[in-house]
Amino acid sequence: MLELRLVQGSLLKKVLESVKDLVTDANFDCSATGFSLQAMDSSHVALVALLLRSEGFEHYRCDRNLSMGMNLNNMSKMLKCAGNDDIITIKADDGSDTVTFMFESPTQDKIADFEMKLMDIDSEHLGIPEAEYHAIVRMPSAEFARICKDLSSIGDTVVISVTKEGVKFSTRGDIGTANIVCRQNTSVDKPEESTIIEMNEPVSLTFALRYMNSFTKATPLANSVTISLSSELPVVVEYKIAEMGYIRFYLAPKIED
Amino acid sequence: GCKQSTITKFFSKL
């Protein structure tokens, strides 16, 4: 028996919007720790890892570990029927091939339940090693989204370089080149508007902008985004989900032939 | 030119 009651149902709606274009089908895993997902895109270039900790739910009952295979497009269709202020409860019985999403309006005057068919998905979990990153950049998520969108109108790939000068996003295409440098800026009043660059070593990596743009669909989840770079590893683009957990996107770099 | 690598090159299956 599984019953997870999320008062801020809009978080789940936003999570789905941020992953449904990257991943078609995925297993949601439910355990005492929380509600989680790990999935790769079909070409195995990007990986998404989501965690919503059990403490973040108003009610969290998960009698045994359960993995529920869902088509994310269908799940998104159902969650779009929930109001932004609705409380969302996810329910499933042991051995059932369906999951139920219950939506309650804040004033309790409207209660809806949507039952969705589950599916069997063969998915392999990958071990994500703890890593020391050469550089970690924290910046406003809207700024990062703007940069990725702007650069993708010029080129297909972005070179992200961190030096003591700041973080540079560069692209080149048929019509020309573009470079955007963001410097550390902690003087702003609001911490979520600051840009903080921690650099152990200079690093420069190339990534496909198509994936970066897809990750920025998570922008409504957090004011800040953290970009962790190391020359031997996929970049990690992390959006913290307030008091609940995170959504992390891993993207494999483009490597010189 | 640059070649796209994959996640499975870096992270192994559990």
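Convention: sequence-line order gives letters A, B, ...; per-chain numbering from 1.
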* Asked: Of the backbone (N, CA, C, O) and the side chain (C-beta and beyond), which part of A:E124 lies under 4.5 Å from a heavy atom of chain B, both, or neither?
  -> side chain

* What part of A:S43 lies closer than 4.5 angstrom to a heavy atom of chain B: side chain, backbone, both or neither? -> backbone

* Working for side chain to side chain donor-acceptor pair (under 3.5 Å), residues A:D21 and A:S214 -> CA-CA 7 Å; A:D21 294 336; A:S214 173; over 6 Å; no

* Between the main-chain N or O of A:M119 and the side-chain N or O of A:D97, is there a donor-acceptor pair closer than 3.5 Å? -> no

* For the side chain of A:D94 and the backbone of A:M1, is there at least one donor-acceptor N/O pair under 3.5 Å apart? -> yes

* Structure fact -> If you tally heavy-atom pairs under 4.5 Å between each of A:L47, A:T206, A:D41 and chain B, the highest tally belongs to A:L47

* Classify the angle between the aromatic ring planes of A:F35 and A:F57 as parallel (below 30°), tilted (30 to 60°) or perpendicular (above 60°). => perpendicular

